[in-house]
Amino acid sequence: MNLSVQPEWCRKLALMQQSTPLLGARGPDGVGKEHPCRDIQRAYRASVLKAGRLGRCYQWDDPDPGDSFASLRLFCDDKAWKKACHTYFHTMDTLPHHYISHLMHGAQILGYKHPDARFRQRWLDFYHQSVLDLHLCPESEADMDVRLGDFGREQWDNPKL
């Protein structure tokens, strides 16, 4: 039996692209459970990890509301998601940079690679807002694919290296 917390679409990505969403799934250290980032974090986890108690990924408008670890309840509601994002970006200065970076790059992967266009758009918008707030330039999907590609893969099994 080949079980994984990653959805099938993610396991088809380059290895570096597979690890990026997993790194983004970790919440920020030292930040209280009531911090506004937790709403974003729950939606992120529900977008990139299978729900262990369901044995599957959450779906858009899933009848299962999720829990304090992963939920799409706010994510699938236009007004609620807009408010959650506004609050997150308004309080972003209270978060560790390491966390912000992992979440931003995970959102980038979701924004370019998630199979559901609704998820892609939400996370691509989040990625672009993150980039804007950090005074950075957005990276195209093609550039991301080069940066996070499995370069040198043809030599991985070469015992002489």
Side-chain angles (χ1 to χ4, degrees), residues 3-11 13-139 141 144 147-148:
L3 295 178
S4 175
V5 297
Q6 287 187 305
E8 285 300 318
W9 67 265
C10 193
R11 296 190 316 181
L13 300 173
L15 291 179
M16 289 177 70
Q17 289 183 13
Q18 288 181 41
S19 62
T20 301
L22 292 176
L23 292 170
R26 182 173 179 196
D29 293 332
V31 175
K33 292 198 180 280
E34 301 305 317
H35 192 282
C37 73
R38 300 300 181 172
D39 288 333
I40 303 299
Q41 195 66 48
R42 278 187 283 280
Y44 180 85
R45 288 176 182 147
S47 298
V48 74
L49 299 173
K50 288 181 184 176
R53 64 187 177 78
L54 299 176
R56 63 169 174 82
C57 295
Y58 287 101
Q59 304 296 315
W60 193 270
D61 290 333
D62 202 314
D64 188 300
D67 52 34
S68 63
F69 182 77
S71 173
L72 292 177
R73 188 178 51 83
L74 298 178
F75 186 76
C76 296
D77 180 312
D78 290 340
K79 278 183 155 178
W81 183 246
K82 185 175 180 178
K83 181 180 179 186
C85 287
H86 174 80
T87 305
Y88 169 84
F89 288 111
H90 184 72
T91 61
M92 198 165 81
D93 288 345
T94 65
L95 297 169
H97 181 267
H98 194 110
Y99 165 77
I100 293 168
S101 179
H102 281 306
L103 184 61
M104 177 183 72
H105 286 108
Q108 180 186 22
I109 297 283
L110 289 168
Y112 288 137
K113 303 298 185 180
H114 197 285
D116 188 316
R118 298 166 293 188
F119 282 75
R120 280 195 312 272
Q121 190 60 58
R122 286 264 203 265
W123 289 115
L124 191 58
D125 290 346
F126 185 88
Y127 165 69
H128 283 137
Q129 186 63 49
S130 296
V131 166
L132 180 68
D133 277 18
L134 293 170
H135 308 285
L136 302 171
C137 294
E139 184 178 43
E141 182 176 7
M144 180 194 76
R147 179 175 60 84
L148 294 177

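Worth saying up front: this structure is predicted, and the values here are computed from it rather than measured. We use all heavy atoms of the structure for the numbers below, so side chains are in, but hydrogens, waters and symmetry mates are not. Sequential numbering from 1 along the given sequence is applied to the chain's residues.
- The main-chain N or O of His97 is never found under 3.5 Å from a side-chain atom of Ser101 such that the two would form a donor-acceptor pair.
- Between the side chain of Tyr127 and the backbone N or O of Leu110 there is no donor-acceptor pair closer than 3.5 Å.
- To the nearest 0.5 angstrom, Leu134 atom CG is 6.5 Å from Ile100 atom CD1.
- Atom CE of Met144 sits about 4.5 Å away from atom CD of Gln17, to the nearest 0.5 Å.
- Rounding to the nearest 0.5 Å gives a distance of 11.5 Å between CG of Asp133 and NE2 of His90.
- Between Ser71 and Ala46, the shortest heavy-atom contact is N-CB, 3.6 Å.
- Looking only at distances, no side-chain donor or acceptor of Gln121 sits under 3.5 Å from a matching main-chain atom of Asp116.
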**Study point:** Trace of the side chain to side chain contact (heavy atoms under 4.5 Å, CB included) decision for Arg147 with Met16
**Key:** CA-CA 9 Å; Arg147 179 175 60 84; Met16 289 177 70; over 6 Å; no
Review point. Are His114 and Arg122 close enough, and set up right, to give a side chain to side chain contact (heavy atoms under 4.5 Å, CB included), and what steps lead you there?
Key: CA-CA 11 Å; His114 197 285; Arg122 286 264 203 265; over 6 Å; no
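- Here the closest heavy-atom approach between residue Leu148 and residue Ala14 is recorded as O-CB, 3.5 Å.
- Here the side chain of Arg120 pairs a donor or acceptor atom with the backbone of Pro115 at under 3.5 angstrom.
- Pairing each heavy atom of Pro28 with each of Cys37, the nearest pair is CG-SG, 3.7 Å.
- Using the six-membered ring where Trp is involved, Trp123 and Trp81 have ring planes that are perpendicular, over 60° apart on the 30 and 60° scheme.
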Exercise for review: With salt bridge (charged side-chain N to carboxylate O under 4.0 Å, His left out) as the test, would you mind laying out the steps for Arg118 and Asp61 before giving the verdict?
Suggested key: CA-CA 11 Å; Arg118 298 166 293 188; Asp61 290 333; 5.2 Å; no
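- Here the CG-CG distance, from Asp62 to Leu54, works out to 7.0 Å after rounding to the nearest 0.5 Å.
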Exercise for review: Apply side chain to side chain contact (heavy atoms under 4.5 Å, CB included) to Leu95 and His35, showing your working.
Suggested key: CA-CA 9 Å; Leu95 297 169; His35 192 282; 3.5 Å; yes
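- Under the ring-ring contact (aromatic ring centres under 6.0 Å, His included) rule, Phe119 has a single partner from Trp9, Tyr58, Trp60, Tyr112, which is Trp60.
- In terms of modelled atom types and a separation under 3.5 Å, the side chain of Gln129 and the main chain of Phe89 share no donor-acceptor contact.
- Taking CD from Glu139 and CE from Met104, the interatomic distance works out to 9.0 Å, rounded to the nearest 0.5 Å.
- Although no hydrogens or angles enter the test, the distance criterion places a donor-acceptor pair under 3.5 Å between the side chain of His128 and the main chain of Leu124.
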Review point. Taking it one step at a time, do Tyr88 and Phe126 satisfy ring pair (Phe, Tyr, Trp, His ring centres under 6.0 Å)?
Key: CA-CA 10 Å; Tyr88 169 84; Phe126 185 88; 5.2 Å; yes
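- Summarising the geometry of Pro7 relative to Val48, their closest heavy-atom pair is CD-O, 3.1 Å, with the distance given to 0.1 Å.
- When each of Arg38, Arg45, Arg53 is checked for a salt bridge (Lys or Arg N to Asp or Glu O under 4.0 Å) with Asp67, only Arg53 meets the rule.
- A pairwise comparison of heavy atoms in Ser47 and Leu72 identifies OG-CD2, 3.9 Å as the closest pair.
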Review point. Going through the checks in order, is the side chain to side chain contact (heavy atoms under 4.5 Å, CB included) test met by Tyr99 and Val31?
Key: CA-CA 11 Å; Tyr99 165 77; Val31 175; over 6 Å; no
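- Of all heavy-atom pairs between Leu103 and Gly24, the closest is CD1-O, 4.1 Å.
- In this structure, CG on Leu23 lies 11.0 Å from NE2 on His105, to the nearest 0.5 angstrom.
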